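What follows is one structure encoded as structure tokens, with my remarks underneath.
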Amino acid sequence: MFDSGSRCVVVVGAQWGDEGKGKIVDALSADADMVVRYQGGANAGHTVFIDGDEFILHQIPSGILHPQTVCVVGNGVVIDPETFLEEIDQLEKRGVETAGRLHVSDRAHLVFPFHKMLEEVAEQQQRIGTTRRGIGPAYEDKIGRRGIRVADLNDRPGIELRLRSRIEHANQLLEASGVAARASVDEHLKLVDSLAGRIMPLATDTGLMIFESIKQGKRVLFEGAQGALLDVDHGTYPYVTSSNTTAGGAAVGAGIGPTLIDSVLGVTKAYTTRVGNGPLPTEDVDELGGRLRELGGEFGATTGRPRRCGWFDAAVVRYSARVNGLTHLAVTKLDVLDTLSEIKLCTGYVIDGEAVVGLPAEVALLDRIEPVYETIPGWMQHTGDVARMESLPSEARAYLERIEEHVMVPIKYVSVGVRRDQLVSV
């Protein structure tokens, strides 16, 4: 993806998250000078396998696993400072040096324990399928102009006043919901005092840092979390996350102008999965769904929840290509389909016998969708050792070609396993 005409690349999920972005970002980070995480929080989980070792990263960019790469947590991220520092400690214990390579935006908002308490109550009432990590309430405080940012850690008296106000309000909501637990101001202040000394040395104007790196001709990779269909504006609302997961969020969440972005790589599985509630038109609740879940190890990296599984949905990825401006695709987990004798591919939708254009906004309509499928012969061959596109079985290449034709975006990478070396460039 990095060449003389494309030095600023955004990597986004083109489905409902869990597409394998961590592996793709890790692979591209080998040639990147900087990797920037631009939205979401500890609700994300990017998994990378290196020499048989598994690394699950929640808030730190996947590029941290490459020693030459500078990593940035942008202003669009909501940071859980406690788990963020635990993640740093775990990396250091495993020999991954972060000192001098990891920077945090001083404009990023913080997630506190009271946010998690509020989200626990909200999830019980609304059943969206959140991770209960406090992400939604933290973004609510941000948009409501009452959030606490990293820069505020420099103002101990000010942060105490704001925490007292926020916790009083949170406890009122908890009481009204019939919850016995209450948030403690003293415990929150102890947490602030214990974390500020480690967070603040990492804090800086990361927007300026990114801008200067781009102007110097450095290669910058923007790492999204979740997927396009979980975008708060463009996803299957209300079954979405609380941030803009699409490529437009990269500019806002990193603090740069959109004209600086050269290309957008959409990551999609060779089939479709989703964690949590909400529409999933191609879901198979019978034998196939269970088989895909078993073959693909489809359990959430953050929550461990089983993922719902079904056939590849070209209508969804086509929609994702439009709202993200995708220039290329990376198709992951092709090898999961190796043992299937035939494969279905959803090419579009009908509702009450009428063809659907685009993706309906109403959840009620999404629930009534009937996928239109075409059936493609499977290849019934092991693909995990394939290093070149031309070495893939002809049926596998035909399947990928049909994905390109229906999504109308060229495929740049194909992943055939979890290891770093199991990535085929087109």
Side-chain angles (χ1 to χ4, degrees), residues 12-19 39-40 43 122-123 125-131 135-136 139 224-249 266-286 288-290 292-293 298 300 303 305-326 329 343-375 402-403 406-409:
V12 297
Q15 297 164 309
W16 278 276
D18 307 310
E19 301 95 347
Q39 48 76 220
N43 55 340
E123 179 59 27
Q125 295 173 344
Q126 201 172 5
R127 299 297 179 187
I128 294 295
T130 69
T131 59
I135 306 301
Y139 274 118
Q226 290 91 34
L229 276 296
L230 293 176
D231 186 282
V232 69
D233 286 298
H234 304 293
T236 49
Y237 190 91
Y239 299 97
V240 294
T241 192
S242 299
S243 60
N244 287 115
T245 62
T246 42
V267 185
T268 174
K269 282 177 182 166
Y271 49 100
T272 303
T273 67
R274 176 172 193 159
V275 171
N277 300 328
L280 187 63
T282 64
E283 180 178 13
D284 188 289
V285 296
D286 297 319
L288 172 76
L292 288 174
R293 187 179 303 113
E298 296 297 351
T303 63
R305 292 180 294 179
R307 296 176 184 139
R308 300 154 59 195
C309 302
W311 298 115
F312 183 86
D313 191 333
V316 155
V317 182
R318 192 161 56 236
Y319 171 80
S320 183
R322 173 168 63 85
V323 297
N324 283 290
L326 299 183
L329 288 178
I343 299 165
K344 289 184 179 180
L345 189 154
C346 170
T347 61
Y349 304 138
V350 295
I351 296 178
D352 299 331
E354 296 290 330
V356 176
V357 178
L359 193 73
E362 304 95 323
V363 170
L365 286 180
L366 288 169
D367 287 337
R368 290 167 52 200
I369 273 176
E370 295 179 33
V372 177
Y373 289 110
E374 66 177 49
T375 301
R402 292 302 285 158
I403 288 176
H406 285 295
V407 176
M408 296 179 287
V409 177

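All of these numbers come straight from a predicted model, not from anything done at the bench.
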Thr246 versus Asn324, side-chain donor and acceptor atoms under 3.5 Å: no
Closest heavy-atom pair and its distance - Pro281, Pro371: O-CG, 3.3 Å
Closest contact, heavy atoms only, Asn244 versus Gln39: O-CG, 3.5 Å
Shortest non-hydrogen contact between Val240 and Gly235, atoms and distance: CG1-C, 3.7 Å
Check: Phe312 and Ile403 side chains under 4.5 Å, non-hydrogen atoms: yes
Rounded distance (nearest 0.5 Å) linking atom CD of Glu283 with atom CZ of Arg307: 14.0 Å
Verdict with supporting geometry, Ile343 and Tyr271, side-chain contact (heavy atoms from CB on, under 4.5 Å): CA-CA 9 Å; Ile343 299 165; Tyr271 49 100; over 6 Å; no
Main-chain N/O of Thr282 paired to Asp313 side chain as donor or acceptor, under 3.5 Å: no
Where Gly289 and Cys309 come nearest, the two heavy atoms and their spacing: O-CB, 3.7 Å
Option among Asn277, Leu229, Leu280 that satisfies the side-chain contact (heavy atoms from CB on, under 4.5 Å) test with Thr236: Leu229
Whether Arg308 side chain and Asp284 backbone form a donor-acceptor pair below 3.5 Å: no
Donor-acceptor pair, side chain of Thr272 and main chain of Trp311, under 3.5 angstrom: yes
CA sep, side-chain torsions, deciding dist, call: Tyr237, Val363, side-chain contact (heavy atoms from CB on, under 4.5 Å): CA-CA 7 Å; Tyr237 190 91; Val363 170; 5.9 Å; no
Test item: Tyr139 side-chain N/O and Gly40 main-chain N/O as donor-acceptor pair under 3.5 Å: yes
Any side-chain donor near an acceptor of the partner, Thr268 and Gln15, under 3.5 Å: yes
Option passing salt bridge (charged side-chain N to carboxylate O under 4.0 Å, His left out) with Glu298 (candidates Lys269, Arg293, Arg274, Arg305): Lys269
Heavy-atom pair with the smallest gap, counting every atom of Pro360 and Ile351: CG-CD1, 4.4 Å
Steps toward side-chain contact (heavy atoms from CB on, under 4.5 Å) verdict (Tyr349, Val316): CA-CA 10 Å; Tyr349 304 138; Val316 155; 3.3 Å; yes
side-chain contact (heavy atoms from CB on, under 4.5 Å) between Trp16 and Gln226, worked out: CA-CA 7 Å; Trp16 278 276; Gln226 290 91 34; over 6 Å; no
Check: Leu329 and Val267 side chains under 4.5 Å, non-hydrogen atoms: no
Distance-minimising heavy-atom pair for Ala314 and His406: CB-CB, 3.7 Å
Atom pair CG/CZ of Leu359 and Arg318 - distance to nearest 0.5 Å: 10.5 Å
Residue Tyr373 excluded, over 12 heavy atoms near OH under 6.0 Å: yes
Close side-chain approach of Lys344 and Glu374, heavy atoms under 4.5 Å: no
Side chain proximity check, Val323 to Asp231, heavy atoms < 4.5 angstrom: no
